[in-house]
Amino acid sequence: MQALSRRLTQQQSLNSPSSISSLKLIYPLSHHYSGDDRPRYESTLATRGVGHLVRKGTGGRSSVSGIVATVFGATGFLGRYVVQQLAKMGSQVLVPFRGSEDSPRHLKLMGDLGQIVPMKYNPRDENSIKAVMAKSNVVLNLIGREYETRNYSFEEVNNSMAEQLATIAKEHGGIMRFIQVSCLGASSSAPSRFLRAKAAAEESVLKAFPEATILRPAAMIGTEDRIMNPWAHFAKKYGFIPLFGDGSTKIQPVYVVDVAAGIVSALKDDGTSIGKVYELGGPEIFTVHELAEIMYDMIREWPSYLKVPFPIAKAIATPREILLNKVPFPLPTPEIFNLDQILALTQDTVVSENALTFNDLGIAPHKLKGYPVEYLISYRKGGPQFGSTVSERFSPDSFP
């Protein structure tokens with residue numbers, strides 16, 4: 001009985017107004033996201049970015065950045081670099097995947113224990129998309145594919161999915177930032193269906209989520225890229241590479257790590273990038289022929305080209321597109337002779353004169369020669385030290 005009376009006395013003292021006010025000073029009852037001063041289901045979209053989020057620690061992988069990001073397309077080429085950048089600053093990253101359980105396995109090592117969370121989902125199931133977004137305050141859409149399959153068209157992958165993600169993110173109410181990765185050269189009048197679909201996606205995303213940030217990276221170069229690697233593989237197998245047209249099309253390739261850094265920089269700013277479009281190109285402009293020369297220099301092989309006029313290249317690549325949905329089996333993935341990429345190469349793809357660029361994100365992009373293409377040494381036929389450097393090379397015509 002004495003213990004019961006003491007407990008009742010303590011509860012009465014805690015319920016007194018003076019005790020409640022003192023507890024409020026120690027443990028504030030209201031919170032930035034929910035509490036008495038904010039309706040539970042009101043949108044918490046912060047027009048000043050995520051710079052105000054509560055952070056703990058020194059800023060490394062074991063810290064807490066306050067960012068909980070759902071990264072769609074995280075298992076792709078750009079995705080692994082974005083996940084790494086987010087994880088090393090202490091963010092929790094939700095990784096939606098639709099394939100094997102092994103698809104996101106390499107990403108789990110990039111963050112602290114429990115910070116990289118793979119979640120299986122179906123991009124055609126709205127409920128599964130809502131499930132992977134449920135705990136997030138940031139959504140990044142890196143989904144994109146430069147060729148069609150029997151199951152997924154350009155329009156569905158590059159436009160419809162982006163529109164659906166933006167719509168669900170807006171309805172979520174707690175998504176503060178939405179970043180859509182498009183492609184340099186995206187335009188409704190582009191010769192490529194891929195670029196036209198990306199342009200339509202930009203319009204759809206900004207309509208559904210006006211505070212979204214659009215990033216248009218140029219052709220990306222890196223260890224898993226789909227430009228230099230196919231060229232080097234083709235050159236090793238056949239002894240030459242085809243140049244569409246005369247190889248004079250101008251492009252502005254960018255190192256993939258710089259693009260990932262640009263995404264994180266836009267995410268961490270004070271909101272200046274909200275609702276804006278950035279074009280992310282490298283510091284140098286190359287022709288396709290000049291870029292191929294860099295590849296040959298790195299693998300230490302004598303350059304050999306076969307110039308293929310655009311009409312002939314289109315004729316070679318067209319049968320796959322015609323038969324794609326007419327045969328009862330999947331067709332091989334196009335690498336060199338991709339009709340849509342051939343059409344894209346009929347015009348130059350460089351950063352616009354007045355566009356927002358890496359400089360506006362506070363990033364100095366790497367030059368392409370050197371470390372960004374060093375991964376190509378794996379194609380040297382005699383090992384990493386095989387052959388001579390460019391400065392030591394002589395033309396066979398000079399030999400006696």
Side-chain angles (χ1 to χ4, degrees), residues 33 40-46 50 67-80 82-83 86-87 91-105 107-108 111 114-146 148-183 194 197-215 263-264 266-267 274-275:
Y33 297 106
R40 179 178 175 85
Y41 296 106
E42 183 179 348
S43 173
T44 57
L45 183 66
V50 297
I67 295 174
V68 181
T70 299
V71 184
F72 291 92
T75 56
F77 174 34
L78 174 61
R80 66 181 63 202
V82 173
V83 171
L86 289 170
S91 304
Q92 187 173 47
V93 185
L94 308 180
V95 180
F97 70 98
R98 63 183 182 88
S100 164
E101 296 285 344
D102 292 336
S103 298
R105 182 175 59 179
L107 302 175
K108 296 192 71 173
Q115 290 296 88
I116 310 297
V117 185
M119 300 183 69
K120 198 172 184 66
Y121 90 118
N122 181 354
R124 288 172 172 160
D125 181 7
E126 187 173 320
N127 290 328
S128 72
I129 295 175
K130 290 179 178 179
V132 297
M133 274 193 203
K135 304 296 183 180
S136 303
N137 53 26
V138 168
V139 173
L140 284 72
N141 179 29
L142 315 182
I143 296 175
R145 178 172 282 174
E146 68 277 12
E148 287 189 300
T149 65
R150 298 170 70 238
N151 296 320
Y152 292 96
S153 66
F154 280 122
E155 289 72 25
E156 182 177 7
V157 173
N158 300 298
N159 180 15
S160 301
M161 288 184 185
E163 182 179 11
Q164 185 181 37
L165 294 180
T167 301
I168 294 174
K170 190 64 177 177
E171 293 173 351
H172 180 285
I175 303 299
M176 294 180 290
R177 295 299 302 271
F178 187 98
I179 294 182
Q180 165 73 12
V181 176
S182 184
C183 186
F194 170 76
K198 282 294 187 182
E202 292 179 10
E203 184 178 349
S204 301
V205 166
L206 288 175
K207 183 178 179 181
F209 203 111
E211 299 87 359
T213 300
I214 307 293
L215 301 179
I263 292 173
V264 175
L267 189 62
I274 286 178

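Quick caveat: nothing in here was measured; it's all calculated off a predicted structure.
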Exercise for the section: Could you tell me the separation between the CD1 atom of Ile67 and the CD atom of Gln92, rounded to the nearest 0.5 Å? Expected result: 12.0 Å
Exercise for the section: Give, for atom NE2 of His172 and atom CG of Asn137, the distance between the pair rounded to the nearest 0.5 Å. Expected result: 8.5 Å
Practice task
Measure the spacing between CG of Leu165 and CZ of Phe209 and express it to the nearest 0.5 Å.
Solution key: 11.5 Å
Handout entry: Ion pair check, Lys120 and Glu101, cut-off under 4.0 Å
Key = no
Exercise for the section: For Arg177 and Thr213, indicate whether the former's side chain and the latter's backbone hold a donor-acceptor pair under 3.5 Å. Expected result: no
Problem - Lys130 vs Glu126, salt bridge (Lys or Arg N to Asp or Glu O under 4.0 Å): CA-CA, chis, key distance, verdict - result: CA-CA 6 Å; Lys130 290 179 178 179; Glu126 187 173 320; 3.3 Å; yes
Handout entry: Met161 to Pro123 - nearest heavy-atom pair and separation
Key = CE-CB, 3.7 Å
Practice task
Step through the shown structure and confirm whether more than 12 heavy atoms of other residues, nucleotides or ligands are within 6.0 Å of CZ on Arg105.
Solution key: no
Exercise for the section: Indicate yes or no for a side-chain donor-acceptor contact from Ser91 to the backbone of Val93 under 3.5 Å, with no hydrogens or angles considered. Expected result: no
Exercise for the section: For Ser153, check side chain to side chain donor-acceptor pair (under 3.5 Å) against everything at least two apart and list the hits. Expected result: none
Exercise for the section: Mark yes or no: Arg124 above the aromatic ring of Tyr152, with NZ or CZ under 6.0 Å from the six-membered ring centre and no more than 45 degrees from the axis. Expected result: yes
Fill in the blank from the handout: Across all chains, not counting sequence neighbours, the ring pair (Phe, Tyr, Trp, His ring centres under 6.0 Å) partners of Tyr121 are Phe72
Practice task
Please confirm whether the backbone N or O of Arg145 pairs with a side-chain atom of Asn158, one donor and one acceptor, at under 3.5 Å?
Solution key: yes
Problem - Rounded distance (nearest 0.5 Å) linking atom CG of Leu142 with atom CD of Gln180 - result: 9.0 Å
Practice task
Taking atom CD of Glu203 as the centre, report whether more than 12 heavy atoms of other residues, nucleotides or ligands fall under 6.0 Å from it.
Solution key: no
